[in-house]
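A quick note: this is a predicted structure, and the numbers were derived from the prediction, not measured. Only heavy atoms go into these numbers, but all of them, side chains included; no hydrogens, no water, no symmetry mates. Throughout, residue positions are numbered sequentially from 1 according to the sequence presented. Ligands are counted one by one from 1 in listed order, and the atoms in each one are counted from 1 as well.
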Amino acid sequence: MPTFDSLTPPTDGAAIEIRDNALHVPATPIIPYIEGDGTGPDIWKATVRVLDAAVAKAYGTKRRIVWFEVFAGEKAFHRFTTWLPEDTLRAFSHYVVGIKGPLTTPVGGGIRSLNVALRQLLDLYACVRPVRHFVNVPSPVRRPEDVDLVIFRENSEDIYVGYEFASGTPEAKRLIEFVNAEFKWSVRPDSGVGLKPMSPFGSKRLVRKAIQYAIDRKRKSVTLVHKGNIMKYTEGAFKDWGYALAREEFGDVTISWDEVERKHDGVVPPGKIVIQDYIADVTFQHVLTRPKSFDVIATGNLNGDYLSDAVAAQVGGIGMAPGGNLSDFHAVFEATHGTAPKYANQDKVNPGSLILSGVMMLEHLGWSEAAETVVRGLEAAFRKKIVTYDLARLMSGAREVRTSEFATAVIEEF
Ligand code: NAP
């Protein structure tokens, strides 16, 4: 147990532990949470009611989450005059699994982002975004029900990590002079420059996690999305390392699409998970025109960033997209939208993103019955067109409810 400067952990409940390379979840796990800024407290209050009710429905008094409030963002600043207290990082690290609402990104430099700090401290190398449609939720596409996929985005490498120098700086000039002289490249001397590192280690552990997820959830395929036709030694290598990993570590349960065509007349042998790859630009077309081709997607940091939001837009957009940042065991689940400050404390916005992030958290704990209970409640509420303002304005015949009323409706449908 770490020593906290200003927090007092709950006296009931127990910490989740990592032992013998496995997650050990007690019946009363202590879960740290950050309610978030702006509309965060509204959607958190709704979410915690739904999650607690689902756990009670699924397990009676046998299991219960013991919530532990920790602080970041505005609330932390008001209490402790820091946007990110060390206590918060200690709590997420010690208790292994946590959840957070949206946080204000303060304007002005020098402030450590919680997401970056947690990602580095806990090595949360996979950003996981499941995307599925709920009946009646408005969508810009004709068959949103065909979208049911999970994106695994590599979180620690790629051009996204920010190894870059601004145009005209001595560092940029030095790097350009070096590569132009050493490698006979012809980078314009006044360019801004960045590095795009992608390693076998980083790529393989991400693909490993995606394949393991596909096995655990009985998914049919894992698609490696890349831009390897142009960036052969980074994006292309990601694809090659992905296929190699599938062969080396999951050869008994996976089969490449190439092999399905060559040896099985295009028919996937029963029980095998197909490993295929798509170029990123084609993927953006196909997730729109034939989303059923995709099941689990494993991709690099930048591709994953774009793709996650593009696919989420097909199923109801920003209020509905959940996410989680995961290492092998540590995990922090979060609403993927921002704080929507103009609606703060109005009990108005859609808590769907945070509730669905809670579903991911329950699944991560292995509490699948509770996760399924929440999904059942959400499905039924949407079927009855009980929705918050953001969806109501796009639907005919909707019953518009407040954030808290939406939570009540979901619970009543368990
Ligand atoms: P935002 O908070 O995501 O809000 C933009 C718009 O999206 C809202 O005005 C609203 O649209 C809609 N929206 C967002 N959340 C919703 C919800 N739960 N239900 C229904 N509609 C929702 O983006 P922003 O205004 O650009 O950012 C505000 C603050 O959040 C900034 O400080 C930003 O840095 C921060 N932020 C934090 C995170 C995070 O912590 N993960 C992520 C992104 C942004 P309508 O007005 O059309 O209804």
Side-chain angles (χ1 to χ4, degrees), residues 32-48 50 70-78 83-84 88-89 92 98-119 124 127-129 134 137-140 153 155 160 304-306 308-309 312-313 315-326 331-361 378 381-382 386-395 398 400-407 409-410:
Y33 71 92
I34 297 167
E35 62 174 18
D37 299 325
T39 48
D42 278 349
I43 60 172
W44 173 253
K45 269 184 237 127
T47 299
V48 80
V50 170
V70 301
F71 301 92
E74 288 168 7
K75 205 166 173 183
F77 192 75
H78 289 138
W83 293 87
L84 179 54
T88 299
L89 299 176
F92 278 112
I99 186 165
K100 65 176 274 280
L103 293 171
T104 306
T105 310
V107 182
I111 291 153
R112 253 172 110 205
S113 139
L114 174 71
N115 280 353
V116 173
L118 284 174
R119 199 166 62 227
L124 305 172
C127 175
V128 182
R129 297 270 299 263
F134 287 89
V137 170
S139 159
R153 164 188 168 196
N155 231 354
Y160 216 91
D305 189 19
Y306 299 153
S308 303
D309 278 15
V315 299
I318 201 157
M320 293 288 295
N325 290 306
L326 284 78
V332 179
F333 299 91
E334 65 172 343
T336 56
H337 55 72
T339 60
K342 66 182 171 184
Y343 300 124
N345 304 315
Q346 293 178 29
D347 196 19
K348 184 176 171 76
V349 298
N350 188 347
S353 172
L354 196 56
I355 292 175
L356 285 167
S357 303
V359 168
M360 290 177 74
M361 188 190 81
L378 285 168
F382 289 129
I386 302 172
V387 290
T388 43
Y389 85 99
D390 52 315
L391 301 181
R393 67 188 168 186
L394 300 170
M395 293 164 78
E400 183 179 329
V401 293
R402 303 192 156 280
T403 313
S404 55
E405 292 168 334
F406 181 75
V410 171

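Atom 26 (O) of ligand 1 lies below 4.0 Å from none of the non-hydrogen atoms of the protein. The nearest protein heavy atom to atom 40 (O) of ligand 1 is closer than 4.0 Å. There is no protein heavy atom less than 4.0 angstrom from atom 6 (C) of ligand 1.
Which parts of ligand 1 touch Y343 is read off a 4.0 Å heavy-atom cut-off, strictly below it: atoms 45 (P), 46 (O), 48 (O). Those atoms of ligand 1 that come under 4.0 Å of a heavy atom in N350, given as number and element, are 17 (C), 18 (N), 19 (N), 20 (C). Using a 4.0 Å cut-off to heavy atoms of E334, the atoms of ligand 1 that qualify are 41 (N).
Among all non-hydrogen protein atoms, the one lying nearest atom 37 (C) of ligand 1 is L103 O, 3.1 Å. Here the heavy atom of the protein found nearest to atom 34 (O) of ligand 1 is T105 OG1, 2.5 Å. Protein heavy atom at the shortest distance from atom 13 (N) of ligand 1 is I318 CG2, 3.6 Å. Given atom 30 (O) of ligand 1, the protein heavy atom at minimum distance is T339 N, 3.0 Å. Here the heavy atom of the protein found nearest to atom 48 (O) of ligand 1 is Y389 OH, 2.4 Å. Looking at atom 3 (O) of ligand 1, its nearest protein heavy atom turns out to be G338 N, 2.7 Å. In terms of protein heavy atoms, atom 42 (C) of ligand 1 is closest to H337 O, 3.5 Å. Scanning all protein heavy atoms for the shortest distance to atom 8 (C) of ligand 1 gives A340 CB, 4.1 Å.
With 3.5 Å as the limit, one finds no donor-acceptor pair spanning the side chains of T339 and D37.
With T47 as the partner, the side chain to side chain contact (heavy atoms under 4.5 Å, CB included) test is satisfied by one option alone out of I355, T403, V359, L356: I355. For the pairing with P102, the side chain to side chain contact (heavy atoms under 4.5 Å, CB included) check across H337, E35, E334 returns one residue only, H337.
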(request) Dump the intermediate steps for side chain to side chain contact (heavy atoms under 4.5 Å, CB included) on V410 and F382, then the final yes or no. (result) CA-CA 9 Å; V410 171; F382 289 129; over 6 Å; no

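In this pair, W44 and Y33 present their aromatic rings parallel. The plane angle is below 30°, not in the 30 to 60° band.
Using a 4.0 Å cutoff on heavy atoms, R393 counts as a contact of ligand 1. Residue contacts with ligand 1: K342 is included, with a non-hydrogen atom under 4.0 Å away. At least one heavy atom of P341 lies less than 4.0 angstrom from ligand 1. Residue contact annotation: T104 has a non-hydrogen atom under 4.0 Å from ligand 1.
For M395 against P138, the heavy-atom pair with the smallest separation is CG-CG, 3.4 Å.
Under the 3.5 Å distance criterion, the side-chain polar atoms of T88 are matched with a main-chain donor or acceptor of F71. Remark: side-chain polar atoms of N155 are paired, donor with acceptor, to backbone N or O of L124 under 3.5 angstrom. Under the 3.5 Å distance criterion, the side-chain polar atoms of S308 are left unmatched by any main-chain donor or acceptor of R129.
The side-chain heavy atoms of E74 and W83, taken from C-beta on, include a pair separated by under 4.5 Å. In this structure the side chain of F92 reaches within 4.5 angstrom of the side chain of I34, judged on heavy atoms.
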